[in-house]
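Whatever order the structure lists them in is the order used to number ligands and atoms, beginning at 1.
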Amino acid sequence: MKKIKSDLPVFYETAHAELASALEMLAACKKTNSPKQALGYFMHAKDEYMHAKCFFKMLSVRGKRVSIKTARDFRFTAPSLITKGYISSKGFLIDTMKLKDFIAFVYTNELLAKSSFENILALVGRRTEEGREISGIMIDELRHHGMAKKHFLNHYPALQPLQLMIYRMRETVNNKGRKIYDANLKFLDKLLTPLYKAIAYLAGTIARKLNLNEFKRKDKNLMNISSNSIL
Ligand SMILES: [Fe+2]
Ligand SMILES: [Fe+2]
């Protein structure tokens, strides 16, 4: 039970990341004028949707084995893609980045995704049904990485592997930053929840002590009520 509880965030976060990738790819598909590129983005989006579906399924299997209270914390809601930073509130990457940076972003993140799946694979066991699914996903990610690399080197031959390496380092730092941001949010949530509850309790106590008869308007001449009255 304890292990399932500690595994839940892994599947929860990964499902978010995969779904966000699918939406980013779909946005890119919509924006390009090249039918060939559109097909590439579309197929990529389709893969990412399938990955998200797999991770949501793995999350759901585990969610059913913990208490309702715990499972509730790992319920998916679409706005969390933005609040967790998987999709920027400023828009999709294809709208906010130069095409060159976007392709480099895909190139580096696909590789990072593949390596983070190594850890999940160790978690579920390589020889299990889930392990086989994750191995399949890792093959997809490597294919995505390869496609982005080919595109990048074809279109920007002057920017050779050194630049891609710099992109990769930058994204590794960004990914770490996102994890720290998420950890901070959770910490603040723990810190502020008791405060919110205390304020709500106080407001409730005050409301209970108020004389609500003042609110009754039946058979009263409203013109006789003081203009300073807030009621
Ligand atoms: Fe993926
Ligand atoms: Fe991918």
Side-chain angles (χ1 to χ4, degrees), residues 7-32 34 36-62 74 76 78 80-82 84-88 92-97 99-124 126 128-155 164-165 167-172 174-176 178-179 182:
D7 287 355
L8 279 172
V10 177
F11 294 96
Y12 186 63
E13 298 299 328
T14 312
H16 274 81
E18 294 298 312
L19 187 58
S21 302
L23 294 172
E24 292 286 2
M25 286 303 136
L26 219 51
C29 172
K30 227 172 133 185
K31 197 159 187 187
T32 181
S34 150
K36 199 174 155 208
Q37 262 185 29
L39 179 67
Y41 286 136
F42 180 79
M43 297 311 282
H44 191 158
K46 192 169 148 269
D47 284 345
E48 301 298 355
Y49 271 118
M50 288 310 292
H51 300 170
K53 195 176 161 200
C54 287
F55 284 107
F56 276 121
K57 194 179 83 195
M58 293 175 202
L59 177 70
S60 141
V61 167
R62 286 160 181 81
F74 296 94
F76 172 75
S80 58
L81 285 173
I82 294 175
K84 282 175 159 291
Y86 287 102
I87 290 192
S88 167
F92 289 114
L93 295 175
I94 195 75
D95 299 320
T96 54
M97 275 179 158
L99 184 64
K100 181 188 75 185
D101 291 337
F102 176 70
I103 306 284
F105 175 89
V106 176
Y107 161 86
T108 48
N109 273 285
E110 293 296 336
L111 204 59
L112 291 174
K114 192 243 164 199
S115 64
S116 80
F117 291 156
E118 297 275 4
N119 301 331
I120 307 180
L121 197 56
L123 215 68
V124 301
R126 214 168 272 271
T128 59
E129 181 61 33
E130 288 183 341
R132 274 186 285 278
E133 272 183 69
I134 291 171
S135 301
I137 293 175
M138 285 163 80
I139 294 171
D140 286 349
E141 304 300 13
L142 270 189
R143 192 177 63 249
H144 300 156
H145 166 75
M147 276 170 8
K149 185 176 181 181
K150 202 170 140 202
H151 181 101
F152 196 92
L153 295 179
N154 274 344
H155 288 78
L164 285 180
M165 202 180 84
Y167 272 114
R168 197 170 143 189
M169 278 161 60
R170 202 173 68 185
E171 273 313 306
T172 311
N174 281 351
N175 274 6
K176 289 220 167 25
R178 187 159 49 218
K179 277 180 194 154
D182 196 49

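Annotation: salt bridge (Lys or Arg N to Asp or Glu O under 4.0 Å) contacts involving residues 19-29, sequence neighbours excluded, are absent. Applying the salt bridge (Lys or Arg N to Asp or Glu O under 4.0 Å) rule to pairs touching residues 45-60 yields Asp47-Arg143, Lys57-Glu133, sequence neighbours excluded.
Qualifying salt bridge (charged side-chain N to carboxylate O under 4.0 Å, His left out) partners for Lys31, counting only residues two or more places apart in sequence or in other chains: Asp95.
Judged purely by atom type and a 3.5 angstrom limit, Thr32 has no side-chain atom pairing as donor or acceptor with the backbone of Cys29.
By the criterion of a separation under 2.8 Å, the protein N/O/S atoms near the Fe ion (ligand 2) amount to Glu48 OE2, Glu110 OE1, Glu110 OE2, Glu141 OE1, His144 ND1.
Between the side chains of His144 and Glu141, at least one donor N or O lies within less than 3.5 Å of an accepting N or O.
Between Phe102 and Phe92, the gap from one ring centroid to the other reaches at least 6.0 Å.
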